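Whatever order the structure lists ligands and atoms in, that order sets their numbers, starting from 1. Remember, predicted model here, so these are calculated numbers, not experimental data.
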Amino acid sequence: MPQQFQNLIHGLWCDSSSGQTFENRNPANWKELLGTFPLSTKEDVDRAAAAALTAYRSWRLVPAPERGDILRRTGEIMVRRKDELAEIMTREMGKPLTETRGDVQEGIDTAFYCATEGRRLFGINTPSELRNKLNLSFRVPIGVCGLITPWNFPMAIPTWNLFPGLVAGNTFVFKPAEDTPQTANVLVEILMEAGLPAGCVNIVHGAGSTVGVAITEHPDILAVSFTGSTETGRIVAQNCGKQTKHVCLEMGGKNAQIVMNDADLELALEGVLWGAFGTTGQRCTATSRLILHEAIHDEMVERLTKAAAKLRLGNGLHSTTDVGPVINEKQRKNIEKYVKIGKDEGAKRVLGGEVAGGRAGSTDLRDGWFYQPTIFTGVTPTMRIAKEEIFGPVLSVLKCRSLEEAIEINNSVIYGLSSSIYTRDVNAAMRAVRDIEAGITYINSATIGAEAHMPFGGVKATGNGHREGGWAVFDFYTEWKSVYIDYSGKLQRAQIDNS
Ligand code: ADP
């Protein structure tokens, strides 16, 4: 019998009111059933929201430094259980252990960062325009928040939201992705072990179309944070908009790495290998376009193709694996669709372009959702493979003649999450920082590598103006309260008595 996992509502593990379950399988070997999870309903979300509201009434009164202490203990437990957590994540998500350890580490960094924010959460005080009067403004929690997460960073993305949200005094109804439910359960288990009161984080598993929608429509859930596809993000925004809920959207990307003619090509090569094929290209910040200056184009393509051909596909639990499987059949079909589009558009396939077969050690690649690292050259900015997010190990190579053209190509897509430029020319680097339309720009480094204490998010169609990570996330998880204290002992009218 596979292990049966449950929802967590008001500190108690429980089944769904539907009595139904869904399966969690290993993408590297879909014959391996990891467990079953509740296929929850709107009623389960109602119960979770009621628990979160009850918990909020006392959690908001706990001093923020005390709330931070719980996160510090959470971080300490995560440090102790890091390898175990990474293994659970690799089994259900597929990326190699080095990467899942990194994913857990990001959660640990966020825990310690947010623990210390409990002693800051700075307000802003300004002078009053009247005598004998004091003005203060400070951050207050919002209330019950909804959190809807994807599968590509099963630990990091939930922690980016839960930890700052909790330290600021909010409570949560959390719906993790259907493909990575176990990591989410272990995370809330750890929060409870660290002393988080019952009801502060409630977890409801199930489909986006039922549980996700119920979260966006529940009147007591006042803010929703969503990370996922642009298509779903738009639905989330529309649903939240009907009740004027706060909503933080982190959606698609079509990130480019630019390599200029004066770049350190070896460094640029390492960067694009990691950016394009790390996490099997399934990061929001993955490098899906490589914009090469014409002077180094042919040499770079040759070196890149040779190096990418050596990447070893396999089960992420094996130390010899460089690239794991993609997450599921739907995602692999989507990659196949885009590879066909690329061929039909006239791009030249110089590597990959097929479902992976054969064996990798004891792993039969045909039992998992493996896809070969794929490179297209001769791509032009108007092709669909240059414009649309693929979310897989597929890289489109474009050619440019100048920095201006490289930046123009970079900016020609609707998205604006991450970006990177390799050059030794400080003037070119600074112009790129100024002119590239993206929330994140790396100089001489790959498009991936966000740090927990820096703002994370994108411009244009990638997001809706909010940021996760660092101090900026508190702008989403708090409201401002303005306070006027008049100690003059008489009625003082602003704008009237002092004019
Ligand atoms: P993916 O293509 O990775 O499944 P999605 O954007 O569809 O990306 O999913 C991201 C998260 O959003 C998942 O937890 C999913 O269950 C949830 N989700 C899907 N559809 C909806 C919806 N209509 N409303 C709210 N959440 C949804």
Side-chain angles (χ1 to χ4, degrees), residues 7 16 22-25 27 37-42 44-45 48-49 92-95 145-158 160-162 172-185 187-188 202-218 221 223-243 245-254 279-286 288 325-338 369 388-392 415 417 458 461-464 468:
N7 289 335
S16 160
F22 65 94
E23 291 180 346
N24 183 23
R25 287 183 181 269
F37 286 80
L39 195 59
S40 307
T41 61
K42 178 180 173 304
D44 298 317
V45 172
E92 67 175 358
M93 191 275 165
K95 61 188 174 186
C145 301
L147 174 60
I148 302 172
T149 55
W151 43 263
N152 61 341
F153 282 89
M155 182 65 80
I157 293 175
W160 280 0
N161 287 276
L162 293 174
F172 280 90
V173 176
F174 170 28
K175 190 211 99 59
E178 298 91 306
D179 286 300
T180 51
Q182 195 180 344
T183 306
N185 269 32
L187 172 60
V188 289
N202 304 276
I203 188 162
V204 185
H205 291 286
S209 54
T210 46
V211 178
V213 169
I215 288 175
T216 58
E217 291 182 342
H218 198 290
I221 298 178
V224 174
S225 173
F226 166 86
T227 303
S229 63
T230 304
E231 205 183 358
T232 306
R234 290 207 176 108
I235 299 171
V236 168
Q238 280 164 8
N239 278 342
C240 289
K242 286 182 202 151
Q243 294 176 30
K245 287 180 193 214
H246 300 197
V247 56
C248 173
L249 301 172
E250 189 53 59
M251 303 178 289
K254 190 70 188 172
T279 322
T280 325
Q282 304 173 110
R283 293 178 179 234
C284 356
T285 54
S288 56
V326 298
I327 190 72
N328 56 32
E329 186 176 17
K330 181 177 147 230
Q331 198 54 38
R332 192 167 73 172
K333 285 219 162 93
N334 192 50
I335 294 165
E336 289 184 83
K337 180 186 94 179
Y338 272 104
W369 307 121
E388 297 173 24
E389 184 170 50
I390 302 174
F391 228 62
Y415 300 112
L417 182 54
T462 293
N464 65 338
E468 293 171 295

Inset, instruction - For Phe226, take its heavy atoms, then give the atoms of ligand 1 lying under 4.0 Å from any of them. - result: 6 (O), 10 (C), 11 (C), 12 (O)
Legend entry - Any donor-acceptor pair under 3.5 Å from Asn334 side chain to Lys330 backbone: no
Legend entry - Shortest protein contact, atom 2 (O) of ligand 1 (heavy atom only): Lys330 NZ, 3.9 Å
Legend entry - Quiz item: cation-pi between Lys95 and Phe153, 6.0 Å / 45°: yes
Inset, instruction - State the atoms of ligand 1, each with its element, that fall below the 4.0 Å cut-off from a heavy-atom position in Val213. - result: 22 (C), 23 (N), 24 (N), 25 (C)
Inset, instruction - Decide whether an N or O pair under 3.5 Å exists between Ser209 and ligand 1. - result: no
Legend entry - Side chain proximity check, Glu92 to Thr183, heavy atoms < 4.5 angstrom: yes
Inset, instruction - Kindly confirm or rule out an N or O of Glu178 lying under 3.5 angstrom from an N or O of ligand 1. - result: yes
Inset, instruction - Could you list which atoms of ligand 1 come closer than 4.0 Å to a heavy atom of Ala177? - result: 14 (O)
Legend entry - Sub-4.0 Å atoms of ligand 1 with respect to non-hydrogen atoms of Val236: 24 (N), 25 (C)
Inset, instruction - Check whether any side-chain heavy atom of Phe37 lies under 4.5 Å from a side-chain heavy atom of Gln182, and answer yes or no. - result: yes
Legend entry - Glu250 vs Thr462 side-chain heavy atoms within contact, under 4.5 Å: yes
Legend entry - Beyond-backbone contact of Ile390 with Lys254, side-chain heavy atoms, under 4.5 angstrom: yes
Inset, instruction - State if Phe391 counts as touching ligand 1 under the rule of any non-hydrogen atom under 4.0 Å. - result: no
Inset, instruction - Output the list of atoms in ligand 1 that are nearer than 4.0 Å to some heavy atom of Thr149, sorted by atom number. - result: 11 (C), 13 (C), 14 (O)
Legend entry - Closest candidate by heavy atom, reference atom 24 (N) of ligand 1, pool Gly208, Gly233, Pro176: Gly208
Inset, instruction - Measure the distance from atom 1 (P) of ligand 1 to every protein heavy atom, then report the residue, atom name and distance (to 0.1 Å) of the closest one. - result: Trp151 NE1, 4.0 Å
Legend entry - Check: His205 main-chain N/O paired with Asn7 side-chain donor or acceptor under 3.5 Å: yes
Inset, instruction - Show which atoms of ligand 1 fall inside a sub-4.0 Å distance from at least one heavy-atom site of Gly228. - result: 6 (O)
Inset, instruction - Say whether Ser229, considering both its backbone and side-chain N or O atoms, lies within less than 3.5 Å of an N or O atom on ligand 1. - result: yes
Legend entry - Part of Ile148 within contact of ligand 1 (heavy atoms, under 4.0 Å): side chain
Inset, instruction - Kindly check if the number of other-residue, nucleotide or ligand heavy atoms within 6.0 Å of NZ (Lys333) is above 12? - result: no
Legend entry - Note, Ser225 side chain near Glu468 side chain (heavy atom, < 4.5 Å): yes
Inset, instruction - Indicate yes or no: at least one non-hydrogen side-chain atom of Ile327 is less than 4.5 angstrom from one of Met93. - result: yes
Legend entry - For atom 26 (N) of ligand 1, the protein heavy atom that lies nearest, with its residue and separation: Gly212 CA, 3.6 Å
Inset, instruction - Flag Gln331 as yes when one of its N or O atoms lies below 3.5 Å from any N or O atom of ligand 1, and as no otherwise. - result: no
Inset, instruction - Among all protein heavy atoms, pick out the one at the shortest distance from atom 7 (O) of ligand 1; state its residue, atom name and that distance to 0.1 Å. - result: Thr232 OG1, 3.0 Å
Inset, instruction - For a side-chain contact (heavy atoms from CB on, under 4.5 Å) with Ser40, tell me which candidate from Ile203, Val45, Val204 qualifies. - result: Val204
